[in-house]
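Computed from a predicted structure; not experimentally measured. So you know, we letter chains A, B, ... as the sequences are listed, proteins then strands, and number each from 1.
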2 protein chains.
Amino acid sequence: MSRNRILIVDDEPAIREMVAVALELADFDVLEAENAQRGHEIIVDERPDLVLLDWMLPSVTGIELARRLKRDETTNEIPIIMLTAKSEEDNKVQGLDVGADDYITKPFSTRELISRIKAVLRRASSAAAEKAIEVEGLCLDPVSHRISANDEPVDMGPTEYRLLEFFMSHQERAYSRTQLLDQVWGANVYVEDRTIDVHIRRLRKALAPFGFDRFIQTVRGTGYRFSVKAAKAS
Amino acid sequence: MSRNRILIVDDEPAIREMVAVALELADFDVLEAENAQRGHEIIVDERPDLVLLDWMLPSVTGIELARRLKRDETTNEIPIIMLTAKSEEDNKVQGLDVGADDYITKPFSTRELISRIKAVLRRASSAAAEKAIEVEGLCLDPVSHRISANDEPVDMGPTEYRLLEFFMSHQERAYSRTQLLDQVWGANVYVEDRTIDVHIRRLRKALAPFGFDRFIQTVRGTGYRFSVKAAKAS
DNA sequence: CTCAACTTGTCATACGCATGTCATAAAAGA
DNA sequence: TCTTTTATGACATGCGTATGACAAGTTGAG
C-alpha cells in the first residue's frame, strides 16, 4: 500500500505548515492549497485520499467547497474532515450535514488529528472494499464475490478473479509482470514471470464472450494494463 | 446466541461506569464512548446490538447522532435508547421523532434500564426474525420453524435449518467457512472447518428434490454463497 | 430404563477444477 | 528478414471440494 495522500486546504500558512509536518511524520504524503479554488483543482487533478478543509476560507468557504465535492459524482467519495476555528455548535452540525466525514476543532493536538484521520481512512477503505466496481457493464462485486457482464454471470477461476479485481481497482495503469505477481499472488511467491501471460489469456477468454477482453491490454515490453479506452487506433 | 453488545455513549465517566457494571451483571457485553464522534466510530466498526445514547453530549448532541444513525442505511436498524437528564417532555418527543426506540429519564434504576433494554432488544430481534423468507417457491418460516418448497414440506436437520436461515437472510454474499461457523454455530465453538462441507452437502441433498440446491453455490477458494442467480454462464 | 431413530462432527477417499510450466505459433519491432 | 516479445494450446500436478461411511451423542417413545 502506497502512502496515503492528504490535502490540507487552509489560508493560514502557519497552520498548513504545522499540519504538514505532523502528517509527514505520521507517514502521509501532503498536498497543500491556500484557498478553495486551488483546493478544488488539486482534488480533481490529484485525487487525494482525504481532505482537511478549513471552515473559514476567503471567498469560497470550506463548507461550500465540501458541498460541491459531495455533490460531484467524481469526488463525493473522498472523505473530508472539516477544521473549525471555534467550537460553535452550528458549524459542526452544518459541517456534518454537508457531508463531511468528521470535523475537528482548533486548536487540536496533532495526535488527535492523526487518529481522526486514520479512523476516517479506515472507515472509507473498508467501505470502498465492499463496493462493487462497474465499468461499461462489466461488474465486479466483492461482496458476492462475483463477476457479471451486463448482468450475466461470468465464470472464471479464483486467480483470474483476483487479477481482474486488481486491474479494475487500478485502471489505466500499466503493470509489469513482476508487479502483478507481487500484487495479485503476494510477495515472496516464486512463480515464473511468463505464467502471467497464461492467466491474462484465461481472463481474456472469460471476458471475450462479452467483448470485455478489450479492457485487458498488452503493453509491449512492459506488461499489461486495464483500460476502458481502445488499445490502439483502428 | 452470543451475548448482546451494548454501546453506552455518555460524557460522564461516572454514569458510564455505573451503567456498564449494571449491564455486565445482566450479562451484556459493554462498549463505551465518551462523545458522539467516538460513538459513531464504534457503531460503524463494531455494530453493537443496541446503543444507549445520552441526550446531552459535548459538541455533537446525542440527538444529532441518533439522527445520523437513523439516516444511514447501514446503521438505521440498530436500536437506540435515549438517556435524558431531565424529565422534559419535549426532549422525549423529539428523541422519538428522531428515531429512538425508547427513552429513559435520569435518574433511573438499573432494574428499569435493563428491562427497557431487554424489551427493545426483544422487539428488534423478533421484528427481524419472525418474518418468513420466500425465494422463488422456497420458503422458510421462522415461526413454525419449517421449510417448504412449493408448499411441499422439506425435511432437514436443525443445523441445516439454521444454515439455510442464515443464507436466506444474507443472500448474494460469499462467506468463508470460518464466517459461517461463527455465524451459524456461534463464536468460540471449536468445529473443524471442513465440517461445513458436510452440512452444505446435507442441505443441498434436502433441497435437491426441488431443484433448489442451485441456490447453494460454491465459491472456490473462498466458501459458499446463497444466490438466486445462476452460478455461471450457461 | 432401554432401545430405536435421529443428529452431528470427523475422517478417508474420490473427483474435478485450477494452476504453473512448457513448447510452439503468432505478432511486433528493428 | 531476423529478433524479441507475446499468445495459445496442451498437460501434469496439486489443492480444494464432494461424498459416503462411521462413531459418538441426543432425544423421545415405550
Side-chain angles (χ1 to χ4, degrees), chain A residues 145-147 153-167 174-186 188-209 213-227 231-234, chain B residues 145-147 153-166 174-182 184-186 188-209 213-226 231-233:
Chain A
H145 217 270
R146 175 133 74 174
I147 312 284
V154 181
D155 193 37
M156 67 179 69
T159 305
E160 284 73 43
Y161 176 90
R162 272 180 290 131
L163 189 57
L164 182 60
E165 182 179 44
F166 176 77
F167 271 137
Y175 290 93
S176 71
R177 291 180 174 71
T178 309
Q179 285 175 315
L180 288 172
L181 235 32
D182 285 348
Q183 297 285 331
V184 178
W185 272 251
N188 316 321
V189 177
Y190 170 66
V191 173
E192 196 67 31
D193 260 24
R194 283 288 144 195
T195 300
I196 293 281
D197 297 32
V198 180
H199 284 280
I200 289 284
R201 161 126 193 323
R202 286 169 183 155
L203 180 53
R204 281 173 173 159
K205 207 172 192 173
L207 298 177
D213 55 328
R214 68 176 188 276
F215 294 154
I216 311 295
Q217 301 169 358
T218 303
V219 183
R220 195 180 169 80
T222 303
Y224 297 93
R225 169 183 56 201
F226 184 100
S227 173
K232 54 172 65 178
S234 49
Chain B
H145 221 261
R146 252 196 202 135
I147 312 285
V154 181
D155 190 43
M156 66 179 69
T159 304
E160 284 73 43
Y161 175 88
R162 272 181 290 130
L163 189 57
L164 182 59
E165 180 179 45
F166 176 76
Y175 291 95
S176 70
R177 291 180 174 70
T178 309
Q179 285 176 314
L180 288 171
L181 236 31
D182 285 347
V184 179
W185 273 252
N188 315 321
V189 177
Y190 171 65
V191 173
E192 196 66 32
D193 259 24
R194 284 286 145 200
T195 300
I196 294 281
D197 297 32
V198 180
H199 285 278
I200 289 283
R201 163 124 192 325
R202 287 169 182 157
L203 180 53
R204 279 175 174 160
K205 209 171 192 174
L207 297 177
D213 55 329
R214 69 176 188 277
F215 294 155
I216 311 295
Q217 301 171 357
T218 302
V219 184
R220 185 169 246 268
T222 301
Y224 297 94
R225 167 182 59 201
F226 184 100
K232 54 172 64 180

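- Checking side-chain atoms of B/Arg225 against main-chain N and O of B/Gln217 turns up no donor-acceptor pair under 3.5 Å.
- Remark: A/Trp185 is in phosphate contact with C/dG20, judged by side-chain N or O atoms under 4.0 Å from OP1 or OP2.
- If you measure from atom CE of B/Met156 to atom P of C/dA5, you get 23 Å, rounded to the nearest angstrom.
- Across the protein-nucleic acid pair, A/Leu163 atom CG and C/dT19 atom C1' stand 13 Å apart, rounded to whole Å.
- Aromatic ring centroids of B/Phe226 and B/Tyr175 lie 6.0 Å or more apart.
- As rounded to whole Å, 13 Å separates atom C1' of C/dT21 from atom CG of A/Leu181.
- Between A/His199 and C/dG20 there is a side-chain polar atom (N or O) within less than 4.0 angstrom of OP1 or OP2.
- At whole-Å resolution of the value, CG in A/Asp155 and C1' in C/dG16 are 14 Å apart.
- Using cut-offs of 30° and 60° for the angle between ring planes, the B/His199 and B/Trp185 rings count as perpendicular.
- In this structure, B/Tyr190 atom OH and C/dT8 atom P are separated by 19 Å, rounded to whole Å.
- Regarding contacts with the backbone of C/dT8, a side-chain N or O of B/Thr159 is found under 4.0 angstrom from either OP1 or OP2.
- Here C/dC11 presents its P atom at 15 Å from CD1 of B/Ile196, a figure rounded to the nearest Å.
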For nucleotides 5-10 of chain D, just jot down a letter per nucleotide in 5' to 3' order: B, S or -, based on protein non-hydrogen atoms under 4.0 Å.
-> BBSBSB
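- Taken from OG1 in A/Thr218 to OH in A/Tyr224, the straight-line distance is 5.0 Å, to the nearest 0.5 Å.
- Qualifying side-chain contact (heavy atoms from CB on, under 4.5 Å) partners for B/Asp193, counting only residues two or more places apart in sequence or in other chains: B/Arg177, B/Thr178, B/Leu181.
- Of the possible donor and acceptor atoms, one in the side chain of B/Gln179 sits under 3.5 Å from a partner among the backbone N and O of B/Ser176.
- Between A/Arg162 and B/Gly157, the one whose closest nucleotide on DNA chain C sits nearer the 5' end is B/Gly157.
- Taking CZ from B/Arg201 and CD1 from B/Ile216, the interatomic distance works out to 13.5 Å, rounded to the nearest 0.5 Å.
- We find that CG of A/Asp193 is positioned 18 Å from P of D/dT4, with the value rounded to whole Å.
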